[in-house]
Amino acid sequence: MTVLSQTALLLELEPVVETNLDRHLSMAKEWFPHEYVPWSEGRTFDGPLGGEAWSETDSTIPDIARTALIVNLLTEDNLPSYHHQIATLFGQDGAWGTWVHRWTAEEARHGTAIRDYLTVTRAVDPVALERARMVHMSTGYRNAHDEEMLHSLAYVSFQELATRISHRNTGKATGDPTCDALLARVAADENLHMVFYRNLLAAAFELAPGQAMRAVADVLADFQMPGNGIEGFARKSVAIALAGIYDLRQHRDEVVVPVLRQWDVFNVAGLDADGEAARDQIAAHLDDLERAASRFEEKRAARAARLAAR
Ligand SMILES: [Fe+2]
Ligand SMILES: [Fe+2]
């Protein structure tokens, strides 16, 4: 079986990009971040304008929701790095280029909308948030397989869905209907992004099944959320998992499994030896995830029981 080069893959997938770009544009609904922000709740801050400093008691949304909102926003903030990655890999010409720019434009409103909401409602410390943004963006972002087309497509297929779920559950965790509505709107964008990338990789499975399978296996083996470079990410993501906003069970059952099912990976024909080996790795990975997710759920239940008994 011939191995397709990066350039050949780009060329072969271009018509699929075109079709799915049209699909995306017909499905995507225009929306306006400013309509989701309760501006009349806002007050001037201290500093040059002499308003009131932020205080913990300015907002009643739960701590864990604040943590998740910060992680989600910082993740969105790193858009310049993501744009650089896909513009370098997919190029800026033709349908690929149109997608790169359109996707970037859609993503940019996520950070805008969430930051406006957080600032106006005083949900989080704006000084700490700004300092965290500076640190995070100064570090930049690279995904582990940023020079490989199919690996990148596989990564974003999972990552967009993961982000969708994380936004959605963060919205619920705030207990604030305004924030919930905003994050539901953002999550709807992420879902369309996921579908776009997932369809592209589905086409790659027809074009180069072994290479596509290898990409999926490699990406799942070292999958990390895009915000993993955020200061204190490990601690924050444990808290987020304990709260059920994004945990291993959701990662396995609501992200990895549904996407694999769409590609029908266990029935893909025409695999070479490496493709077969990759598929075995995916099966083993699903078993590992199952064990890890169950273990986490048990620990979380035991912890909840301990806390209840206090
Ligand atoms: Fe986003
Ligand atoms: Fe997205």
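Note that these values count all heavy atoms, side chains included, but never hydrogens, waters or copies made by symmetry. Counting starts at 1 for both ligands and their atoms, following the listed order. Sequential numbering from 1 along the given sequence is applied to the chain's residues.
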- Message: Within rounding of 10°, what is the angle whose vertex is the Fe ion (ligand 2) and whose arms end at OE1 of Glu190 and ND1 of His193?
- Response: 110°
- Message: Can you see whether Phe158 has Arg198 sitting over its ring - NZ or CZ less than 6.0 Å from the centre and within 45° of the normal?
- Response: no
- Message: For a distance under 2.8 Å, tell me if Asp189 has an N/O/S atom near the Fe ion (ligand 1).
- Response: no
- The salt bridge (Lys or Arg N to Asp or Glu O under 4.0 Å) partner of Arg249 among Glu290, Glu298, Glu254 is Glu290
- Hey, is Asp287 close enough to Arg291 for a salt bridge, meaning N to O under 4.0 Å? no
- Query: Of all N, O or S atoms in His110, which has the smallest distance to the Fe ion (ligand 1)?
  - Reply: ND1
- Angle subtended at the Fe ion (ligand 2) by OE1 of Glu160 and OE2 of Glu107, nearest 10°: 140°
- Salt-bridge contact Arg133-Glu130 (side-chain N to carboxylate O under 4.0 Å): yes
